[in-house]
Amino acid sequence: MSGPMDLEPRRGQDDTLTLRLAVPKRPATRRRATDASAPGPHGPARGHEGEAVTLGLRLAGPRRTEEAVNELAAEMADRVGPAVHPYEVAALLEADGLSADTIRSRYGHPDIFSLATALYQRVPRVFPEPARAADPWRPDHLRCLLRGVLFALPALAYLLTAPLWQPGKHAAALVVAGIISWAWGQALGHRAYLWMVAGRREAARTLLRGAPLGAALATAAAAVPAHGSPVIWAAAAQSLYLAAAGVLLVLGRETLLLAALAPLAAGAAVLPWWEPGPLVRAGLTLLALAATVAAAGRTLRTEYAAAPAAGEGAGPPLVRSLPYGLFGLAAALLVLLAGRREPYAVIVLTVSMGPAEWLLYRYRGLSATALGASGSPVGFRLRSAGVLALCLLLYTLPLIPAALLTGAGPATLPLLAATLWTALLLQAFAVAWAPALICLGAAGTAGAVTLFRLPPGPSVLPLCCAGAALCLIGCTLRLLGRPASHA
C-alpha cells in the first residue's frame, strides 16, 4: 500500500497482527536546538528521511478460537457427555442463549451446529447409570402371611362341627360342594380382576352377581350325594362361606375376614381343655359364617357406592376366565386325592399358599433385576432359569420336613406344591390354558387310577404330579425365559 503511509501487515505466530507504517520524507525547514536524532517524548524521532512506526494489534486468530472452544467444552462437559448426537448439544447451546455473532467472533464457527459438533467431538461419551427405582414387585410380607393363615383357618369349622354331622358317612357332599366352589371361585376372581381395569365398582358388581350364583350351584351339586341328609346344610354353609370369603380376598379385605373368623378360632382354641357342647359348636360356626357374609355384603355395598361408575357393558369375554376355572377344578381334585391318604399334609399345603404368593412376587422382582443385568437373550434365559430354580427350592424344601412331621410321604406334598406354584406363576403372566390342561391331565390320570385301581398298589399321585411339574417347568423356561415376557 502506497501513499502518505505504507502499511506492511505481518501476522506473527502468536496471532499478533504487525503493521509497519513508513512515514514519507519531509523537507527540513527548521532545526531544533537539540539533536534531531534524539527521541521525543511522544514518539520516535523524525529525521530528514523519515522512520517506520511499528504497531502491534492482537487479534482473535485460530489459536485463540480453539482455546475458547476448549474452555467451553470443559464448562459444558457434564451436559455434553451424556448426549448421543450433536443436535442435543446444539439444543443446549441454544438454551444457553448463545448468539450467532458470538459463535462466529469468539469461537470461530460459522453456525451453532458446527460449534455443537466440535464440542461433541471434544467431550468423551459418558452415560451415567439411571437411578435405581424401587422394586415394583416388592411383596407385602404381612399380607402374604395373613392370607396363608386365612386359607387354613376355615378348617377349624370341620373340627368344631364334626361330631354334629358324622363326616365319615357324608363327606362326599362336602367334597363335591368344595370342588365346585373352588373352580367357580377361581374363574369369578379372575373375571373380577379383569373388571378392576374399568374400576372397583364394576368388579364389585361382578362379585355381587357371581358369588351367590356360585354358592347356589355348589349347594345344588352337593344335594346329589347328600340323598336328603342334613349334611346338605353343612354343604350350603361351606359354599356360602367360600363365596363370601372369595369376595373379601379379591377386594383386599383380609383383616375383615380375620375378624370374622375370630369366633371360630376361639372355639377351636378351647377344645383341648373344655367341651363346649353341640349348641356352642354350632353357634360359633354359624356366628363366624354370619360375620363373613355380613363383611362381604358391606364391602360390596361400600365399593359399589364409593367408586364412580365406568358405564355398563359386556365386559371381557367369559371364555377368558374359563381356563382359570378349569385350573381351579384340577387343583381341587389334586388336593382331594392327596387328602385321602395324607389329610394333615393338605393343611400344611393350605398354609403354604401365603408363602407361595410371596414367592410369586419375588420371582417377578428377581426376573426384572436379571433383565437389567443381562447383556443378551441367552444370558437372560440362564438367569431366569436360576431364578425359577431358587424360588422352587425355597418353596418346596421346607415342605419335606413338614410332610414327614405330619406322617405323609416326603414326595407327594413337595411335588404337588411345585405343580400348583408353577401353574400359578404362568397364570400370573396371563398364560392360562397350558397350566389348566396340564393340571387337568394329571388330576384325571391320578383320579382314574385311584377310582378303578389300575394298577393296584401305591398311590400314583406323586408320579402324576412329577410329570405335571416337569411339563410346567418346561413351559415356564420357554415362555418366561424371553425378555419380552417381563417388559
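Just so it is clear, the structure is predicted and the values come from calculations on it, not from any experiment.
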Chemist: Between L153 and L258, is any pair of side-chain heavy atoms under 4.5 Å apart?
Modeler: yes
Chemist: Would the distance check show the side chain of W184 and the main-chain N or O of G210 forming a donor-acceptor pair, the cut-off being under 3.5 Å?
Modeler: yes
Chemist: Roughly how far, to the nearest 0.5 Å, is the CG atom of L286 from the CG atom of L160?
Modeler: 11.0 Å
Chemist: Decide yes or no for L413 and V348: does some side-chain heavy atom of the first lie under 4.5 Å from some side-chain heavy atom of the second?
Modeler: yes
Chemist: Can you tell me if R125 uses its side chain to pair, donor with acceptor, with the backbone of P82 under 3.5 Å?
Modeler: no
Chemist: Using every non-hydrogen atom in the two residues, find where I438 and C471 come nearest and quote the distance to one decimal.
Modeler: CD1-CB, 3.8 Å
Chemist: Evaluate W182 against L242 for side-chain contact (heavy atoms from CB on, under 4.5 Å), listing each step before the verdict.
Modeler: CA-CA 8 Å; W182 200 335; L242 291 176; over 6 Å; no
Chemist: Rounded to the nearest 0.5 Å, how far apart are OG1 of T396 and CD1 of I400?
Modeler: 6.0 Å
Chemist: Would you mind reporting whether L426 and C475 have side-chain heavy atoms less than 4.5 Å apart?
Modeler: yes
Chemist: For the backbone of R381 and the side chain of S384, can you confirm whether one donor and one acceptor N or O come within less than 3.5 Å of each other?
Modeler: no
Chemist: Out of curiosity, T219 OG1 to I232 CD1, how far, rounded to the nearest 0.5 Å?
Modeler: 6.0 Å
Chemist: T369 side chain to G365 main-chain N or O, any donor-acceptor pair under 3.5 Å?
Modeler: yes
Chemist: What do the steps show when you test L360 against W421 for side-chain contact (heavy atoms from CB on, under 4.5 Å), and what is the final call?
Modeler: CA-CA 8 Å; L360 290 177; W421 186 85; 3.5 Å; yes
Chemist: For atom CZ of F429, is the number of surrounding heavy atoms from other residues, nucleotides or ligands below 6.0 Å larger than 12?
Modeler: yes
Chemist: To the nearest 0.5 Å, what is the distance between CG (L256) and CG (L249)?
Modeler: 11.0 Å
Chemist: Any side-chain heavy atom of L405 within less than 4.5 Å of one from Y344?
Modeler: no
Chemist: Locate the shortest heavy-atom distance separating L359 from C391; write the atom from each residue and the value.
Modeler: CD1-O, 3.7 Å
Chemist: Flag the pair R143 / L146 as yes when at least one side-chain heavy-atom distance between them is below 4.5 Å, and no otherwise.
Modeler: no
Chemist: With distance as the sole test, does H486 use its side chain to make a donor-acceptor pair with the main-chain N or O of L480 at under 3.5 Å?
Modeler: yes
Chemist: Test R281 against E275 for salt bridge (charged side-chain N to carboxylate O under 4.0 Å, His left out), laying out the working first.
Modeler: CA-CA 9 Å; R281 287 175 179 268; E275 171 54 44; 3.0 Å; yes
Chemist: For a 4.5 angstrom cut-off between non-hydrogen side-chain atoms, does I179 reach V175?
Modeler: yes
Chemist: Check the pair E202 / L194 against side-chain contact (heavy atoms from CB on, under 4.5 Å), numbers first and verdict last.
Modeler: CA-CA 10 Å; E202 285 68 27; L194 290 179; over 6 Å; no
Chemist: How far apart are the closest heavy atoms of A192 and V250, and which atoms are they?
Modeler: CB-CG1, 3.9 Å
Chemist: Within a 6.0 Å radius of atom CD on E88, are there more than 12 heavy atoms belonging to other residues, nucleotides or ligands?
Modeler: yes
Chemist: Taking the side chain from T292 and the backbone from A260, do they hold a donor-acceptor pair closer than 3.5 Å?
Modeler: no
Chemist: For side-chain contact (heavy atoms from CB on, under 4.5 Å), just list the numbers for L142 and E254, CA-CA rounded to whole Å, side-chain angles, deciding distance to a tenth of an Å, and then say yes or no.
Modeler: CA-CA 11 Å; L142 182 60; E254 290 85 3; over 6 Å; no
Chemist: Measuring from atom OG1 of T285 to atom CG of L156, what distance do you get when rounded to the nearest 0.5 angstrom?
Modeler: 9.5 Å
Chemist: Is any NZ, NE, NH1 or NH2 atom of the basic residue among D96 and R79 found under 4.0 Å from an Asp or Glu carboxylate oxygen of the other?
Modeler: yes
Chemist: With side chains defined as the heavy atoms from C-beta onward, is the minimum distance between L349 and M353 less than 4.5 Å?
Modeler: yes
Chemist: Name the one of L415, L334, T445 that satisfies side chain to side chain contact (heavy atoms under 4.5 Å, CB included) with L461?
Modeler: L334
Chemist: So does V231 get a backbone contact from the side chain of S229, meaning a donor-acceptor N/O pair under 3.5 Å?
Modeler: yes
Chemist: State the CG-CG distance between L72 and L119, to the nearest 0.5 angstrom.
Modeler: 5.0 Å
Chemist: What are the two closest heavy atoms between V176 and A222, and how far apart are they?
Modeler: CG1-N, 4.2 Å
Chemist: Could you report the tightest heavy-atom contact between P462 and T412, atom names first, then the distance?
Modeler: CG-OG1, 3.1 Å
Chemist: Whether E303 and R253 form a salt bridge (side-chain N of Lys/Arg under 4.0 Å from carboxylate O of Asp/Glu) is what I want to check.
Modeler: yes
Chemist: Please indicate whether W233 has more than 12 foreign heavy atoms, meaning atoms of other residues, nucleotides or ligands, lying under 6.0 Å from its CH2.
Modeler: no
Chemist: Determine the minimum heavy-atom distance between A434 and V431, stating which atoms define it.
Modeler: CB-CG1, 4.4 Å
Chemist: Is a side-chain donor or acceptor of R320 paired with a backbone partner of H190 at a separation under 3.5 angstrom?
Modeler: no
Chemist: Is M196 close to L251 at the side-chain level, that is, under 4.5 Å between some pair of heavy atoms?
Modeler: yes
